[in-house]
Novice: 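Mind looking over this structure? Questions follow.
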Amino acid sequence: MKNYLPLLIVGAIIGVITSALILAYALVKDKKEAMGFDRNMKDGELMRRLLRYAKPYWLNFVIVGLVMLLSISYTIISPILVGNIESIIAIEGFAYNDVLWRVLLYAAILILSQAAGYVQAIVLQKTGQKIISKLREDAFTHIESLSHSQLSKMPVGRLVTRVTNDTNAISMMFTGMLVNLVKNMFVIVGVLVAMLCVNYLLSLMVLCFVPFVVLFTVIFRRFSRRAYRQVKNGTTDINTYLSEHLSGMKIIQVFNREQRKMDEFNVKNEKLYRAQRGQTFVFGIFRPITYMLYISSVLCLFFLGAKGALDGKQILGQTISGETIVIFYMFISRFFNPIQGLAEQFHRLQSAFASAEKIFTIMDIEPDVVDEEDAIELETVRGEIEFKNVWFAYNEGEWILKDVSFHVNANDTVAFVGATGSGKTTILSLLCRNYDIQQGEILLDGINIRHIKIASLRKHFGQMLQDVFLFAGTIRSNIVLRDEFDDEQVLEACRYVNADKFIDRLGNGLDEEVRERGNNFSAGQRQLLSFARTIIHKPEVMILDEATANIDTETEVLIQDSLTKMMNIGTMLIVAHRLSTIQHADNIIVVSDGQIVEQGNHHELLKQRGRYYELYMLQYNKEQLKKQ
C-alpha cells in the first residue's frame, strides 16, 4: 500500500474537489428565476435554429472538415515520431540518417498542419461573417415588422444590443468555435486510440481521469450559463440607460441632474462589473481544475513509468520503456489540451447561446399588425376615407375612441380639433394601421384597410408630424430616403414647400450635412424638410399632426403658404391646436373624450356656438391680450 501512497493522495484531492463542486451544483440548480432569464430555451433548440443559418454554406464546412483532418494528423503522429527519435538516439552508435528523415517528416507534417490551419481560418471567417450578416438582417427586418405598440414597450438600447453586441457574440461560434469543438473531440478520440495501441495500461490510467473531466464540465455548464446571462442582462441595462440618457443629456444639464444620473449609472455599472467578475471567477475555477487533472495524470505517468522503466518490471504484463514515457507525456498533453480547449470554447459557446436566446426572444415576438392572407395591392387611391363605428383602446378596457364615425370625400381638407388626449392623433394613426382597432371598420376608397397590404397602404400616405425626425446624412438623403430621384426633382419639391429659401443660403446646398436628429437645423427648417420629403413621394393622402406647433412667426408664414399649396394635391387630414390655420378646411371635426361632438366648416361651427366656438373664442381672446 505504501508503494501506491502518491496515487492515493492524488485520488483523495480529486475526491474532495469533486464533492465541493457537486455540493455547489446542487445549491444553485433550482434558482433559475433569480437569474433574470428572458426565457428558458434549451441549448439543442438554440443550436438547431442557429444551424439553419449555416445550412446554405454546408460545402464550406465540409472543406474545413477535410482541412481539419490534416491538422489532427500532426497532433496524433508527432508524439510517436518524437518517441521513436528518442529510442533511436538512446541506442549507442545510432545512424544519423535514421534520425534525419524522421525529423524532416516531422517538419513536413508541421508545415502542412499550419497551412491547413490558415486555410481553415480564412474559410471560416468569410463563411461566419456571411451567416452573421444574414442573422443581423433578419433581426432588424423583424424589428421593422413590429407595430408601434410593440416597439413602444421595448427600450431602444435593448434592441440595439440585440442587433449589434449579441450578433457579434454569435459570430465567434461560426468563425471557429464549432469547428474547434469538433476538432478537439476528434483529437481526443484519435489520441486515445493511439495511446491504447502504444500501451493499454497507461491508457487506462489516463482514462481514470475522464469521468472527472466530464463531471466538471457538466457542473461548469450550469455556472457558466448563469454567469453569461447575468453579463448579458447587465450589458443590455447599460446600453438601454446610455441610449436614453445620452439622447436626453440636454434635459439632464438644464435641471442640473448630472450627479444624480451619474450615481444611477454607477449602480448599473457596478452590477455589470459584478456579473463580469462572477463570469471570470467561474472560468478561473474550471480551467485550473482541468489543468490539475492534467498534472495529476503526468505525475501518475512518471510514477508508473519509474516503477516500470527504472525498476525493469512489468506492470499488468506491460513493459514501460523510456520511449513509451516520452510518447505518453506528449500524448497526455495532446489529450488534456483539447479538453481545456473544450472548456474555453464551451465558455464562449455559452456566450453565443445566451446572445442567441436574447435575439430569438425578440424574433419570436409575433407582430400584432400583419397582412391578411388575401390582402391586396392598391395601385391608385382617390382619397375617400370613412370611419364606421370605430372603437379603439391602447390598453384593454381603456377606450380612447368610442363609436367614432365620419366620412371624408376625396380631395377634401379635413381638420380634427379638440383638447389634448381627446383622440385626434389616434385617429390618424389608425388610418395608417400603426395600430389595429378592436371594433368597427376603417375604409379607404370603400375598401376595409385590413384587406390592403400594409406596405401598399402606407405608400399612399404622406405623414408630417410635429416631432420631425431627420437622419444623420445630408439634406438630399433625408428628402429622397434612398429612393431614386434626381436633383431637379428634389429642388422642385423644396421650392414647392418653400424649403429652398433656407437651403440656398447653405454653403453645400442639398449636400449640407445633417447631424443626428437634425439638431443643426431649427424646428421650422426641419418641418419644411419633412414637407419636401412628403411631397416628392407624391402621396394621395396627406396627414399633418400639429405640423405648425412651436414654429417661429417667419417660418410659420412659409409653412402656411406650403399648406395652402398642398391642399390642392389630394386629401388632407390636419390636427391643429391653432384654429386660425384651419379656417379654410372643407370640414372640421371636433373630438372630445374619444367621441365626435361636432363637425362642419368654420362658419357653420361658429354659428352653432358649441365646443368649437368655445375653443375659438378662448384662443381669440388670448391673441388679443398678447397684442395689448
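Keep in mind that what you see is a predicted model, and the values were worked out from it rather than measured.
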Novice: Can you check whether Arg450's main-chain N or O pairs, donor with acceptor, with Asn448's side chain at less than 3.5 Å?
Specialist: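 Yes; judged by distance alone, with no hydrogens or angles, the pair exists.
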Novice: Give the C-alpha distance, both sets of side-chain angles, the deciding distance and a yes or no for side-chain hydrogen bond (donor to acceptor under 3.5 Å, both in side chains) between Glu384 and His407.
Specialist: CA-CA 8 Å; Glu384 181 184 357; His407 183 270; 2.8 Å; yes
Novice: Strictly under 6.0 Å, is that where the ring centroids of Phe416 and Phe406 end up?
Specialist: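 Yes, ring centres under 6.0 Å apart.
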Novice: Quick one, Gln259 with Asp263, criterion side-chain hydrogen bond (donor to acceptor under 3.5 Å, both in side chains). Give me CA distance, side-chain angles, the key distance, then yes/no.
Specialist: CA-CA 6 Å; Gln259 187 57 48; Asp263 293 340; 3.0 Å; yes
Novice: Just jot down the salt bridge (charged side-chain N to carboxylate O under 4.0 Å, His left out) partners of Asp487, sequence neighbours excluded, or say none.
Specialist: Arg476
Novice: Sort out for me which residue in Thr236, Asp166, Asn239 forms a side-chain hydrogen bond (donor to acceptor under 3.5 Å, both in side chains) with Thr161.
Specialist: Asn239
Novice: Using the ring of each side chain (for Trp, its six-membered ring), is Phe469 parallel, tilted or perpendicular to Phe471, with breaks at 30° and 60°?
Specialist: perpendicular
Novice: With a 3.5 Å distance limit and no angle check, can you tell me whether His142 reaches the backbone of Met363 through a side-chain donor-acceptor pair?
Specialist: yes
Novice: Could you pull out the closest heavy-atom pair between Arg458 and Arg433, with the gap in Å?
Specialist: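 Residues Arg458 and Arg433, closest heavy atoms: NH2-O, 2.7 Å.
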Novice: Do the ring planes of Tyr616 and Tyr612 sit parallel (below 30°), tilted (30 to 60°) or perpendicular (above 60°)?
Specialist: parallel
Novice: Check this for me: Glu396, atom CD, are more than 12 non-hydrogen atoms of other residues, nucleotides or ligands nearer than 6.0 Å?
Specialist: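 No, not enclosed.
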Novice: Please name all residues satisfying side chain to side chain donor-acceptor pair (under 3.5 Å) with Gln599, sequence neighbours left out, ordered by chain then number.
Specialist: Asn587
Novice: For a side-chain hydrogen bond (donor to acceptor under 3.5 Å, both in side chains) check, start with the C-alpha distance between Ser530 and Gln527, then their side-chain angles and the critical distance, and finish with the verdict.
Specialist: CA-CA 5 Å; Ser530 79; Gln527 194 61 265; 2.7 Å; yes
